[in-house]
There are 2 protein chains.
Amino acid sequence: MDTRERLIESARELLWERGYVGTSPKAIQERSGAGQGSMYHHFHGKPDLALAAISRSAEELRARAEAQLSGPGTVVERIVAYLRRERDVLKGCPVGRLTQDPDVMSDPELRGPVAETFAWLTDRLAALLEEGRANGELAAGLDPEATAGTLVAVLQGAYVLARAAGSPEAYEQAVDGAVGLLTAQVRRSGGDE
Amino acid sequence: MDTRERLIESARELLWERGYVGTSPKAIQERSGAGQGSMYHHFHGKPDLALAAISRSAEELRARAEAQLSGPGTVVERIVAYLRRERDVLKGCPVGRLTQDPDVMSDPELRGPVAETFAWLTDRLAALLEEGRANGELAAGLDPEATAGTLVAVLQGAYVLARAAGSPEAYEQAVDGAVGLLTAQVRRSGGDE
DNA sequence: GTCTATACATGGATAGAC
DNA sequence: GTCTATCCATGTATAGAC
């Protein structure tokens, strides 16, 4: 891994752990093993490096989500697989945590990848739910758009609860509840019988 | 409002807007109109003042929640009233945002009020849901503990989505979805008929 | 109780040698 | 491309006058 790459990866880790305001160029340099001048050679400054880091994290989140959501199984099975996928619960969501960073949200460049990620994810889930409703798998009364928002929110909020409690249990519980509410919307014998 | 009080209120606002790492003693002093020495007379330092501010915000959240949850109406009506209560959506949750602050979470004193708040809120909702299940208002298959966690998580996550999108709409949508999933658990003719 | 002065570390960045 | 030196503002706190 070359220096530029190590800088981005170190920035990603630190943004995840400490957020934008809590992450200094110096800390990034130390973690990456790069010197002062080296970082300013590859990037214009902290915001520039942060943009590279944030963009990559956003891309990664999207790829991982898509992996579950386009996997095998019924619509509900795929969504449940996504909800239950193993996660670094106590570290929180590397993208979602950025919404709490005023310096990120006030910079359109930095904010862009964050906004797009959640817009995409919600749309993706809404499309799946709509598909489930259309094929009779899910109750006709279910609102795909709203429910998609709910599911994404549950995950983001579950991280908050787990971090508050200092234990992944609260996360599991919130997800369990969501899965319970969702599966209650499954019509008993599938759509094509 | 005396100086000490103004310091606490200013600290609360800044912690809400910018988090712990993003809030400097100097900024608190300026917002409160207090001088350097004045702040250090009333508090031992930043963590001490932050503790006062965090404790008060936690207390306030709890009081507001209790106001809705112990209000009039059926269990589901009270929960929906709580979920739909007017909120400063784009500012986020003043307590939940602290879970993203490593310096808060690593200090047991600062973390305490945050942990307690969510533990209390989840328990309170779980008790209500249990009551609804017991009186036949809610489906017997509903898991009160897990669903309580889900509802709290939806609110916390809905803030994240709204901030990411820069609009309260995403918040409303997520809450709508949760209300939809919850009311689908309501047994048709009430418990006592 | 509040003010000013002072202190020392860190944050964020630039300059110029190699 | 990387290193060291340097710069100025800010963060956090203490000391001591009033």
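Order of the sequence lines sets the chain letters (A, B, ...), proteins ahead of strands, with each chain counted from 1. In what follows, every heavy atom counts, from backbone to side chain, and hydrogens, waters and symmetry copies are set aside.
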Atom CG of B/Leu7 to atom P of C/dT2: distance rounded to whole Å?
9 Å

Test of understanding: with side chain to side chain donor-acceptor pair (under 3.5 Å), list the residues that count as partners of A/Glu66, not counting sequence neighbours.
A/Arg124

Provide, to the nearest angstrom, the distance between the CZ atom belonging to B/Arg18 and the P atom belonging to D/dT10.
13 Å

Looking only at the side chains, is there a donor atom on one of A/Ser57 and A/Arg12 sitting less than 3.5 Å from an acceptor on the other?
yes

Counting only heavy atoms not in A/Glu169, do more than 12 fall under 6.0 Å of its CD?
no

May I ask you to decide whether B/Glu130 forms a salt bridge with B/Arg133, counting only side-chain N to carboxylate O separations under 4.0 Å?
yes

Atom pair distance, as rounded to whole Å: NZ in A/Lys46 and P in C/dG11:
9 Å

So does A/Thr3 get a side-chain nitrogen or oxygen closer than 4.0 Å to the phosphate oxygens (OP1/OP2) of D/dG1?
no

Mind running a 4.0 Å heavy-atom check of residues 25-43 of chain B against DNA chain C and sending the residues that fall below it, in number order?
B/Gly35, B/Gln36, B/Gly37, B/Ser38, B/His41, B/His42

Round to a whole Å and report the spacing from CE of A/Met1 to C1' of D/dG1.
17 Å

Residue whose nearest DNA chain C nucleotide is more 5′ - A/His44 or A/Gly22
A/Gly22

Here's a test for you: under side-chain contact (heavy atoms from CB on, under 4.5 Å), which of A/Leu51, A/Asp48, A/Leu98, A/Asp101 qualifies with A/Leu110?
A/Leu51

Would you mind checking if B/Glu13 and B/Lys91 are paired as a salt bridge, meaning a charged N to carboxylate O distance below 4.0 Å?
no

